[in-house]
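Only one structure is covered here, and it is reproduced in the block below.
Chain letters run A, B, ... following the sequence lines, proteins first and then strands; every chain starts at 1.
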Amino acid sequence: MRWSQALIPTLKEDPKEAQSPSHRLLLRAGFVRQHQAGVYIFLPLGQRVLHRIMRIVREEMDRIGAQEVLMPSLTARELWEESGRWKAFGPDMFRLQDRKGREMALAPTHEELFADLARHYLRSYRDLPQIWYQIQTKFRDEPRPRSGILRVREFLMKDSYSFDASWEGLDHSYEMHHQAYTRIFTRAGLEFVVTRASSGLMGGSASEEFMVLSEAGEDTLAVCDACGYSANVEVATGEPALRQPESPFKKLEKVHTPGVRTVEEVTGFLGVGPELLIKSLVYMAGEKAVLVLVRGDYEVNEAKLQQVLGSEVRIATPEEVQDRFGVEVGFVGPVNLPVDEIIADEALQGLQGMVCGANETDYHLVGVNVEEHFPVHRYADLREVKEGDRCPQCGAPLRLHRAIEVGHIFKLGTRYSEALGAYFTDRDGKEKPIIMGSYGIGIGRVMAAAVELYHDKNGIVWPVTIAPYDVEILALDPRKVGTVAENLYRDLQASGVEVLWDDRDLSPGVKFKDADLIGIPLHVVLGRKVAQGVAEIKIRATGASVDVPLQDLKTRVLETLASLREKIDERVGKTAGGSPETPA
RNA sequence: CGGGGCGUAGCGCAGUCCGGUUAGCGCGCUUGGUUCGGGACCAAGAGGUCGGUGGUUCAAAUCCACUCGCCCCGACCA
């Protein structure tokens, strides 16, 4: 492509609304343009990157024997009713009506559609296993789109679904996806970790997320540098660094604590650390009021609580607490509180000499012993892991890190097949539900994550495998080097290299700045040395440049490109086993 | 949904408190000329319902009310 004829609207200044590096750089380098909150236009450069990512995805999905299909986005309400997700998705689902008033949804995901397909065509164990996938637009009315294309309301996702006759079969399909994903993200040049995750709205048992560590991420991971353990804080477990805190309170006493409500206020007032407090929070699980207890130096993890209680929970309002127990929030405690259930974080087990609310305004109890002074109906891991907790595998301190979720794999089991009636006849003649897995990759997120990972103060530094072009030719003075540039452009294209040729009639500074900004891996600079038969090859990532005689230029460009690609291929070989040329 | 901020030319902004000429500046754009290794220079131009609606006023970008949109920080997910 000749730049003079291309739509590459680079910006000289940083867009003010963009905060995260990927958002800022993708806008500024002319890859995307915002249309509405959480809805983006992919401009030519952005679209080229998406295509390259999708190409890798397709190659790797095909390698594990997956078949590509294309599902509609416009989906009938009835199907969602069958799984119960018409309701479960709530306001996150875009809904509309046709001219006859029939209700539909723009699909936020496609478990139902694929299960529907399966129930029609997969009737026998002989038809199994199958893996089907698509790359398609998903619609989710996110409460808060953010960080450019990282969290949007309309996005491209590769989603695949496996259908097996047995749980071992599911394990295998899942494992194949695990490998395919590892290869995909490695080939895209990403550094990532695979973590245990919560399955959320999808349901099902095991689930792992492919995470790119980045400050722009929205998830928080607990990672162990010693043994490599990593888990989303939604599910991460960690041992408190401090097990049984030392307490000055040897016997149960009521103390006057006027106006002292929060953990900080109580610890300040009593002159003790937060680990001596029992934080008592009233949650509503439907109509049931549950008192949730965690140590004062921890927060309740609502995802875990939800999991443990098996239903949607929300924290009770101060009014509800007042109405139900006649106690002001801030002075609630487990001793003699007429609550339906008391559920305590396991780190509270056996603790003595603790402090909690006295269920009376302006009073707290000190010297409280767990289970001696109040009952605990259930212990569970309810606390949110914090920095410095002990790794559950090796005991080393955990570190918290923000991360971008680029992929997620689930063992769904039979939830959707049973709901939609996707049964097959097994070898033994019995009807059984098909066992499903579901697997997703956010295509746009891979793009954003790559920018988050690889950029410098001058712009983006694309990994060769997903860069919009392989090589950019900078023809500094087009009148003097135009012919040389044109010849090189044609030669490289003839060799299968994707080339962007900056043939614009602009001063050299503009071309250098723009080239660094859009981040194509290799630059060929044709400047005044061309008169002496010399050009310059520059690697965007390192800034390293070499002078090359014009007659060797094409060969040297091809060699340099090959060596950049080789570095990524080596990593693929190491992390995923087998070279990329070896079919599965 | 809760909290904070912002809407003025394609982009970045000033002007808004304290109402008063033709609404400014930089970049970009157009034309002509010069220049060509890190966001060049000269000259001449074009481009604006001041987010919208209603109100106050002799007079509104500016004051008031409502409304729409966008961004950022917290609860959901690829």
Side-chain angles (χ1 to χ4, degrees), chain A residues 9-20 23-24 27-28 30 33-39 57 88-92 108-110 135-160 181 197-202 207 209-212 217-219 232 234 300-303 306 312-315 404-410 438-449 458-459 474-481 504-517 523 525-530 535-536 538 543 545:
Chain A
T10 57
L11 267 26
K12 212 163 181 177
E13 285 158 284
D14 279 334
K16 64 162 179 179
E17 72 273 14
Q19 203 59 211
S20 63
H23 189 196
R24 181 168 50 82
L27 282 174
R28 189 164 162 209
R33 175 185 170 82
Q34 189 183 44
H35 172 247
Q36 297 173 51
V39 182
V57 168
F89 266 108
D92 283 5
T109 175
H110 281 80
I135 296 177
Q136 196 243 21
T137 306
K138 301 285 186 265
F139 297 87
R140 294 184 193 174
D141 196 357
E142 296 288 345
R144 179 152 102 81
R146 88 183 90 177
S147 304
I149 60 167
L150 227 36
R151 172 161 225 78
V152 286
R153 299 192 296 167
E154 173 179 337
F155 60 98
L156 268 184
M157 174 161 120
K158 186 290 301 182
D159 47 325
S160 48
Y181 277 34
S198 142
S199 44
L201 247 190
M202 293 297 174
S207 125
E209 292 167 327
F210 289 74
M211 295 288 208
V212 172
E218 300 182 86
D219 289 84
N232 198 303
E234 288 169 9
V300 171
N301 179 327
E302 292 189 5
Q306 207 133 302
E312 292 271 315
V313 296
R314 61 177 178 83
I315 193 150
I404 301 166
E405 179 187 1
V406 290
H408 200 160
I409 56 180
F410 296 89
S438 125
Y439 317 87
I441 290 177
I443 304 294
R445 273 199 188 165
V446 171
M447 175 169 163
N458 297 317
L474 286 78
L476 294 190
D477 186 342
R479 293 179 321 232
K480 293 189 185 134
V481 301
R504 294 175 299 173
D505 189 16
L506 291 170
S507 68
V510 177
K511 294 178 185 173
F512 283 120
K513 291 286 185 192
D514 273 346
D516 286 345
L517 184 59
H523 299 167
V525 183
L526 299 174
R528 49 173 164 250
K529 280 179 282 186
V530 167
E536 190 180 311
K538 190 164 155 193
S545 78

Could you state the [atom1]-[atom2] distance from [X] to [N], rounded to the nearest angstrom?
X: A/Asp159; N: B/A78; atom1: CG; atom2: P; value: 10 Å
X: A/Leu27; N: B/C11; atom1: CG; atom2: C1'; value: 12 Å
X: A/His523; N: B/G37; atom1: NE2; atom2: P; value: 18 Å
X: A/Phe210; N: B/A78; atom1: CZ; atom2: C1'; value: 13 Å
X: A/Glu142; N: B/A78; atom1: CD; atom2: C1'; value: 9 Å
X: A/Arg153; N: B/C76; atom1: CZ; atom2: C1'; value: 15 Å
X: A/Phe89; N: B/C77; atom1: CZ; atom2: P; value: 8 Å
X: A/Asn458; N: B/G39; atom1: CG; atom2: P; value: 12 Å

Notebook entry, point to check: Looking for any heavy atom pair under 4.0 Å, which part of the strands does A/Lys138 touch: base, sugar-phosphate only, or nothing?
Noted result: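 Counting heavy atoms under 4.0 Å across all strands, no contact is made by A/Lys138.
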With [atom1] as the reference atom in both, quote the distance from [N] to [M] in angstrom, rounded to an integer.
N: B/U62; M: B/U21; atom1: C1'; value: 16 Å
N: B/U53; M: B/C29; atom1: C1'; value: 33 Å
N: B/G69; M: B/U8; atom1: C1'; value: 15 Å
N: B/U57; M: B/G10; atom1: P; value: 34 Å
N: B/A9; M: B/A23; atom1: C1'; value: 11 Å
N: B/G28; M: B/A75; atom1: C1'; value: 42 Å
N: B/A60; M: B/G20; atom1: P; value: 11 Å

If you only use heavy atoms from C-beta on, which nucleotide in [options] is closest to the side chain of [X]?
X: A/Glu218; options: B/C73, B/C76, B/A78; answer: B/C76
X: A/Phe410; options: B/C1, B/A78, B/A40; answer: B/A78
X: A/Val525; options: B/G74, B/A78, B/G37; answer: B/G37
X: A/Arg146; options: B/A78, B/C70, B/C72; answer: B/C72
X: A/Val152; options: B/C72, B/A78, B/C11; answer: B/A78
X: A/Glu405; options: B/A75, B/C77, B/G38; answer: B/C77
X: A/Arg144; options: B/C70, B/G38, B/G74; answer: B/G74

Margin query: If you compare every side-chain N and O of A/Arg445 against the phosphate oxygens of B/C77 (OP1, OP2), does one of them come in below 4.0 Å?
Written below: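 Checking B/C77 against A/Arg445, no side-chain N or O comes under 4.0 Å of OP1 or OP2.
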Margin query: Is the phosphate of B/C71 approached by A/Gln34 (side-chain N or O, under 4.0 Å from OP1 or OP2)?
Written below: yes
Next item on the list: Kindly write out the residues that satisfy salt bridge (Lys or Arg N to Asp or Glu O under 4.0 Å) with A/Arg28, not counting sequence neighbours, or none if the list is empty.
Entry: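 For A/Arg28, the residues satisfying salt bridge (Lys or Arg N to Asp or Glu O under 4.0 Å) (neighbours in sequence not counted) are A/Asp14.
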Is there a Watson-Crick or G-U wobble partner for [N] with both distances under 3.5 Å, and which nucleotide is it?
N: B/C41; answer: B/G33
N: B/G69; answer: B/C6
N: B/C1; answer: B/G74
N: B/A59; answer: none
N: B/A46; answer: none
N: B/U22; answer: none

Next item on the list: Compare every heavy atom of A/Ile443 with every heavy atom of A/Ile135, then report the nearest pair and how far apart it is.
Entry: CG2-CG1, 4.3 Å
Next item on the list: Measure across A/Gly38 and A/Pro145 and return the closest heavy-atom pair with its distance rounded to 0.1 Å.
Entry: CA-CB, 3.5 Å
Next item on the list: Check whether the side chain of A/Arg151 and the base of B/C77 form a donor-acceptor pair under 3.5 Å.
Entry: yes
Check: Does A/Lys538 make a side-chain donor-acceptor contact with the base of B/G37, cut-off 3.5 Å?
Finding: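 Counting by modelled atom types and ignoring angles, no donor-acceptor contact under 3.5 Å is found here.
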Check: Counting N and O atoms only, with roles assigned by atom type, does the side chain of A/Tyr439 sit under 3.5 Å from a partner on the main chain of A/Lys158, one being a donor and the other an acceptor?
Finding: no
Next item on the list: Using a 4.0 Å cut-off on protein heavy atoms (strictly under), produce a 5'-to-3' string for nucleotides 26-36 of chain B with B for base contact, S for backbone-only sugar-phosphate contact, and - for none.
Entry: BSS------BB
